[in-house]
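To start, the structure under review is shown below, and the notes come after it.
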Number of protein chains: 2
Amino acid sequence: MRAAGRVSISDVAADAGVSISTVSAALNDVGSARISPRTRDRIREVAGRLGYVPNGLAQGLRRQRSGMVGFIGDEVATTPYAVGMILGAQETLRAAGILMVLMNSQGDPALEAREIEALRQQRVEGILYASMYHRRLEPPAALRDMATVLLDAESRVPEVSWVVPDEVAGARAAVGELLAHGHRRIGFLNNDEDIPAARLRLRGFRAAMKQAGVAVDPALVGGAPPTTSGGYDAARRMLQRADRPTALFCFSDLMAMGVYQAARELGLDVPADVSIVGYDNMPHVADGLLPGLTTVELPHYEMGAWAAGQLLALISAEPGQARHVRLRGQLVRRGSVAVPRPIGG
Amino acid sequence: MRAAGRVSISDVAADAGVSISTVSAALNDVGSARISPRTRDRIREVAGRLGYVPNGLAQGLRRQRSGMVGFIGDEVATTPYAVGMILGAQETLRAAGILMVLMNSQGDPALEAREIEALRQQRVEGILYASMYHRRLEPPAALRDMATVLLDAESRVPEVSWVVPDEVAGARAAVGELLAHGHRRIGFLNNDEDIPAARLRLRGFRAAMKQAGVAVDPALVGGAPPTTSGGYDAARRMLQRADRPTALFCFSDLMAMGVYQAARELGLDVPADVSIVGYDNMPHVADGLLPGLTTVELPHYEMGAWAAGQLLALISAEPGQARHVRLRGQLVRRGSVAVPRPIGG
DNA sequence: GTGAAAGCGCTAACAG
DNA sequence: CTGTTAGCGCTTTCAC
């Protein structure tokens with residue numbers, strides 16, 4: 001009872017009065033072997049009645065394909081929002097009949113090496129290597145000979161495929177929304193860390209402003225730690241200026257959350273006095289704020305799905321050129337953007 | 001190159017000049033077979049040099065143990081905060097050398113059945129069946145003959161083990177914190193859904209008040225949807241009363257977030273005018289609010305770890321009495337609780 | 001101390 | 001149309 005799937009192919013064969021190869025052929029719909037419809041149906045019936053479930057380990061051993069891939073995350077647990085990647089990957093793999101083994105390296109290279117070893121031992125057919133935030137990295141050496149796709153990370157070596165968010169497009173969409181509402185004095189509260197997302201979103205900000213023919217006031221572009229209090233502090237400074245911006249684009253929803261606080265303390269209404277756009281579309285943050293935060297979504301699910309699809313392609317088709325993709329996230333409109341009201345008006 | 005682990009035990013045997021059984025015995029430290037230290041070391045050296053990784057599928061087939069368990073979640077993706085459960089389970093399993101296959105049923109029973117079938121086929125040794133929130137359920141029939149542990153769910157049938165948060169203790173801790181600061185007029189903003197968490201936290205609230213000899217004013221106990229705006233609306237009503245509470249215990253951090261907003265709009269300072277305790281310790285919400293929210297943590301990680309441990313026990317020891325556990329979450333103190341100030345004083 | 005042989009459950013030629 | 005055979009890579013008695 002405890003041991004599931006006790007019945008084997010030979011039990012089915014015995015009960016159906018045929019050989020095991022016939023059972024195998026019948027159940028796998030092998031084209032070459034012409035099984036009579038009658039026997040085939042009988043075998044199917046017996047298999048169903050006995051509750052036969054083929055042994056995947058034996059199949060894998062014989063076919064030299066385990067039917068599994070590994071998912072290695074560095075600190076997925078500390079960035080709960082990235083679960084969309086896991087979900088996207090899992091659903092894509094499921095559709096292909098592939099199981100996903102989940103591992104967590106906690107950013108510890110030694111542990112990661114052991115995990116890769118364990119996955120290799122189980123003969124996973126490929127690896128999804130996920131980063132908790134968009135960055136550039138060198139895939140671990142142990143992955144050199146495995147089909148690998150990087151998720152939310154760019155590779156330093158070109159031979160490996162990866163997918164990341166399109167940060168420039170995201171920032172453009174955010175700033176575009178503000179411009180479309182008539183804002184001209186638009187500030188940007190960036191993350192002060194030197195990471196791709198910060199550099200690229202700044203580029204998107206500048207590009208959008210330039211395209212609209214609006215000059216960027218350097219005083220309105222600032223960096224801060226990407227936290228609520230980082231956003232709060234920076235916003236207090238920026239919103240107390242005489243020539244304060246009418247709108248603020250924030251690197252993250254968390255920073256935007258701090259901006260809400262600061263604005264409220266300064267007697268400024270969101271969005272009547274100051275419009276805000278965030279980034280990330282963090283569940284329970286962006287939609288939990290009052291008013292709801294207009295923000296740019298990170299395409300976690302889509303990235304996971306794309307990476308899994310690319311991995312499947314890598315596994316089946318032998319060579320396969322590496323592919324590098326930047327996926328767009330939607331602008332999610334809520335209530336934090338309005339038409340500007342003349343300052344002091 | 002693509003196919004990892006190409007070298008097999010016979011390659012190692014050939015290179016070392018011994019039989020494959022000797023290699024197996026040497027590598028697995030079989031006690032019964034006395035291998036000379038010299039040959040053993042040589043075998044080890046060769047295995048290392050050749051990069052031999054035993055084939056887990058073959059081992060599993062032979063040993064009748066796959067070394068894998070399945071994790072089925074209903075909607076993990078929509079409750080990002082529950083990833084702690086996954087992490088806790090994975091780390092416990094890893095320590096035991098067991099891999100975890102992740103599945104997502106999206107709450108669709110048909111899909112779930114197919115996933116269980118796939119796991120059964122791969123001969124997983126047990127199943128972790130996780131719910132996205134604390135509730136009571138009937139484990140799927142397909143799990144009847146498998147080692148199963150329910151995570152964040154109570155079972156309607158007694159034979160299956162489960163672990164849930166200790167809601168009563170959590171609520172008591174929350175209210176105790178308020179009482180310890182001298183609050184007497186304490187309100188409770190509960191979830192208005194009929195779920196175990198709501199019933200049990202209310203019980204904990206009452207128990208704590210009773211133990212402190214403080215009467216519960218029914219007017220200060222209210223239910224609302226467990227969202228930010230639910231908390232906002234309820235708090236506006238409650239905080240506008242002449243005899244408003246000096247402290248509010250909220251069913252969730254999300255509701256507490258709404259309470260912050262309402263309090264601020266009413267010109268009430270947190271925590272000077274009104275103290276607040278939440279529940280969940282949601283990352284980026286509880287610690288993102290200003291001031292930081294004092295709240296009761298949900299022991300996601302611990303529940304995952306416990307469930308995995310119990311599953312391992314079930315797998316190794318045959319019979320194994322089912323166990324049912326309620327795990328306590330810590331009270332996390334931040335800045336939302338202060339000594340009450342006399343109303344109108 | 002070590003090796004030969006059997007077999008875990010399955011698939012894929014190849015015979016018939 | 002169906003059965004026989006030969007492994008996939010490993011562990012485990014049991015001989016020697």
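Residue numbers start from 1 in every chain, and the chains themselves are labelled A, B, ... in the order their sequence lines are given, proteins ahead of strands. Note: hydrogens, waters and symmetry copies are ignored here, and every other heavy atom, side chains too, is used.
Side-chain contact between B:P299 and B:R328 is absent, with no heavy atoms from C-beta onward closer than 4.5 Å.
What separates CG of B:L27 from P of C:dT2 is a distance of 14 Å, to the nearest Å. Taking atom CG of B:D29 as the reference point, atom P of D:dT11 lies 12 Å away to the nearest angstrom. Rounded to an integer number of Å, the gap from B:I43 CD1 to C:dG1 P is 14 Å. Atom CG of A:N28 and atom P of C:dG9 are 17 Å apart (whole Å). Atom CG in B:L57 sits roughly 12 Å away from atom C1' in C:dC10 (whole-Å rounding). Between A:L61 atom CG and C:dC8 atom P there is a gap of 13 Å when expressed in whole angstrom units. Look at OH on A:Y52: it is 10 Å from P on C:dG9, rounded to the nearest Å. In this entry the distance linking CZ of A:R63 with P of C:dC8 reads 20 Å, nearest Å.
Contact annotation: A:N55 does not reach the phosphate of C:dC8 (side-chain N/O to OP1 or OP2, under 4.0 Å). Considering only side-chain N and O atoms, B:S8 lies nowhere under 4.0 angstrom from the phosphate OP1 or OP2 of D:dC8. The side chain of B:S10 contributes no N or O atom lying less than 4.0 Å from OP1 or OP2 of D:dC10. Side-chain N/O atoms of B:Q64 include one lying less than 4.0 angstrom from OP1 or OP2 on C:dG9. Residue A:Q59 places no side-chain N or O under 4.0 Å from the OP1 or OP2 atom of C:dG9.
Listed in residue order, the members of residues 15-24 of chain A having a heavy atom less than 4.0 Å from DNA chain C are A:I20, A:S21, A:S24.
The OH atom of A:Y129 lies 3.5 Å from the CD atom of A:E112; values are rounded to the nearest 0.5 Å.
Taking every side-chain heavy atom of B:I9 into account, D:dT11 is the closest of C:dA12, D:dT11, D:dT2. With distances taken from any side-chain atom of A:I35 to the nucleotides D:dC10, D:dT2, C:dT11, the minimum falls on D:dT2.
Residues A:R42 and B:G56 each lie close to DNA chain D; by heavy-atom proximity, the contact nearer the 5' end of the strand is made by A:R42.
By the ring pair (Phe, Tyr, Trp, His ring centres under 6.0 Å) test, B:W306 is found to be paired with no residue, residues two or more places apart in sequence or in another chain being considered. Applying the salt bridge (charged side-chain N to carboxylate O under 4.0 Å, His left out) test to A:D15 and every residue at least two apart in sequence or in another chain returns A:R49. Every residue meeting the side chain to side chain contact (heavy atoms under 4.5 Å, CB included) condition with A:I9, not counting sequence neighbours, appears here in chain and number order: A:I20, A:V23, A:S24, A:Y52.
Salt-bridge formation is detected for the pair B:R135/B:D74: a Lys NZ or Arg NE/NH1/NH2 atom is positioned less than 4.0 Å from an Asp or Glu carboxylate oxygen. With respect to B:R326 and B:E154, a salt bridge is recorded, a charged nitrogen being found less than 4.0 Å from a carboxylate O. Here B:R114 does not pair with B:D108 in a salt bridge; the nearest charged N to carboxylate O distance is not below 4.0 Å.
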Using a 3.5 Å cut-off and no angle test, enumerate the donor-acceptor pairs between side-chain atoms of residues 85-101 of chain A and protein atoms at least two apart in sequence or in another chain.
unit_1	atom_1	unit_2	atom_2	d
A:Q90	OE1	B:N104	N	3.1
A:E91	OE1	A:Y301	OH	2.5
A:E91	OE2	B:Q106	NE2	2.8
A:T92	OG1	A:G88	O	3.0
A:R94	NH1	B:N104	O	2.9
A:R94	NH1	B:E115	OE2	2.5

Could you walk me through whether B:E138 and B:V157 pass the side-chain contact (heavy atoms from CB on, under 4.5 Å) check?
CA-CA 7 Å; B:E138 177 110 26; B:V157 302; 3.6 Å; yes
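Overall bending of the helix from C:dG1-D:dC16 to C:dG16-D:dC1, expressed as the angle between end axes built from five pairs apiece, is 50° (10° steps).
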